[in-house]
Amino acid sequence: LEAATSRTARRLIYDRLRSEGSVLLPLLHQQLAANPPWYFARNLLALWRDIATPTDGAANASPAPESGLGAGHADALRTIAGYQGHAQEQVRLEALRVLALEPLACDAAISRALRDESARVVSTAIDAIITRLGAAPQTTLSREVARDVAFRLMTLVDDPQSEEST
């Protein structure tokens, strides 16, 4: 996937890897832990997300028992969370998308994303909140997430540039 020179080749490889399912998660974690180039990290994170989201769209980021991650799952989540601080916006977006699927990491990932400098990352965090609350109406936000949402909204209201864009 990293060495593919054409978009078509990357898509074919990506689709083939995705079809392997959760057994690839330990390898994806290993590759992500090696600090790959940003475009490869983005693709690895997108692949993780696609593997963790069944075709029916239901979130299922926790690895299946056969994935081999087991006890390494928390370590993998820490590795992915580290990508929320990446210089490339596309990488931060994919890290958020993966972590938003994971109940153990969702709140912290959303809180961090709400403080991101990128409007796309903030918007994706808000979408994740809406999706989460819509999927399970009895779900509540943690105090940290609720505080960060309120803070971000106040920042947007107080920002003179945001008034010009409305």
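Partners of Arg11 by salt bridge (Lys or Arg N to Asp or Glu O under 4.0 Å), not counting sequence neighbours, listed by chain and number: Asp15. Here Leu12 pairs with Thr8 under the side chain to side chain contact (heavy atoms under 4.5 Å, CB included) rule; sequence neighbours left out. Listed by chain and number, the residues in a side chain to side chain contact (heavy atoms under 4.5 Å, CB included) with Ser111 are Arg115, Glu144, Val145, Asp148 (sequence neighbours excluded). Residues meeting the side-chain hydrogen bond (donor to acceptor under 3.5 Å, both in side chains) test with Arg16, sequence neighbours left out: Ser19, Glu20. Applying the salt bridge (Lys or Arg N to Asp or Glu O under 4.0 Å) rule to Arg112 yields no partners; only residues at least two apart in sequence or on another chain are considered. Taking the side chain to side chain contact (heavy atoms under 4.5 Å, CB included) definition, one finds that Ala34 meets it with nothing, sequence neighbours left out. Residues forming a side-chain hydrogen bond (donor to acceptor under 3.5 Å, both in side chains) with Arg78 (at least two apart in sequence, or on another chain): none. Residues meeting the side-chain hydrogen bond (donor to acceptor under 3.5 Å, both in side chains) test with Glu89, sequence neighbours left out: Ser118, Arg120. Residues satisfying the side chain to side chain contact (heavy atoms under 4.5 Å, CB included) test with Ala109, not counting sequence neighbours, are Gln84, Leu96, Leu99. With sequence neighbours left out, Tyr39 forms a side-chain hydrogen bond (donor to acceptor under 3.5 Å, both in side chains) with no residue at all.
Annotation for Trp48 and Ala76: closest pair CH2-CB, 3.7 Å, computed over non-hydrogen atoms. For the residue pair Pro26 and Ser22, the shortest heavy atom distance occurs at CD-O, 3.9 Å.
For the atom pair CG (Leu44) and OG1 (Thr79), the distance works out to 12.0 Å, reported to the nearest 0.5 Å. Between the CD1 atom in Ile110 and the CD1 atom in Ile129 there is a gap of 5.0 Å [rounded to 0.5 Å]. The distance from atom CG of Asn43 to atom CD of Gln31, rounded to the nearest 0.5 Å, is 12.0 Å. The CD1 atom of Ile13 sits 11.5 Å away from atom CG of Leu47, with the distance rounded to the nearest 0.5 Å. Note that CG of Leu25 and CG of Leu32 are 10.0 Å apart. Values are rounded to the nearest 0.5 Å.
Applying the side chain to side chain donor-acceptor pair (under 3.5 Å) definition to pairs two or more places apart or across chains, those involving residues 92-101 are Arg49-Glu94, Arg92-Asp116, Glu94-Arg97.
Judged purely by atom type and a 3.5 angstrom limit, Tyr83 has no side-chain atom pairing as donor or acceptor with the backbone of Ala41.
Between Ile126 and Leu114, some side-chain heavy-atom pair lies under the 4.5 Å cut-off. Residues Leu28 and Leu45 have side chains not in contact (no heavy-atom distance under 4.5 Å, counting atoms from C-beta outward). By the 4.5 Å heavy-atom criterion applied to side chains, Leu24 and Leu27 are counted as neighbours.
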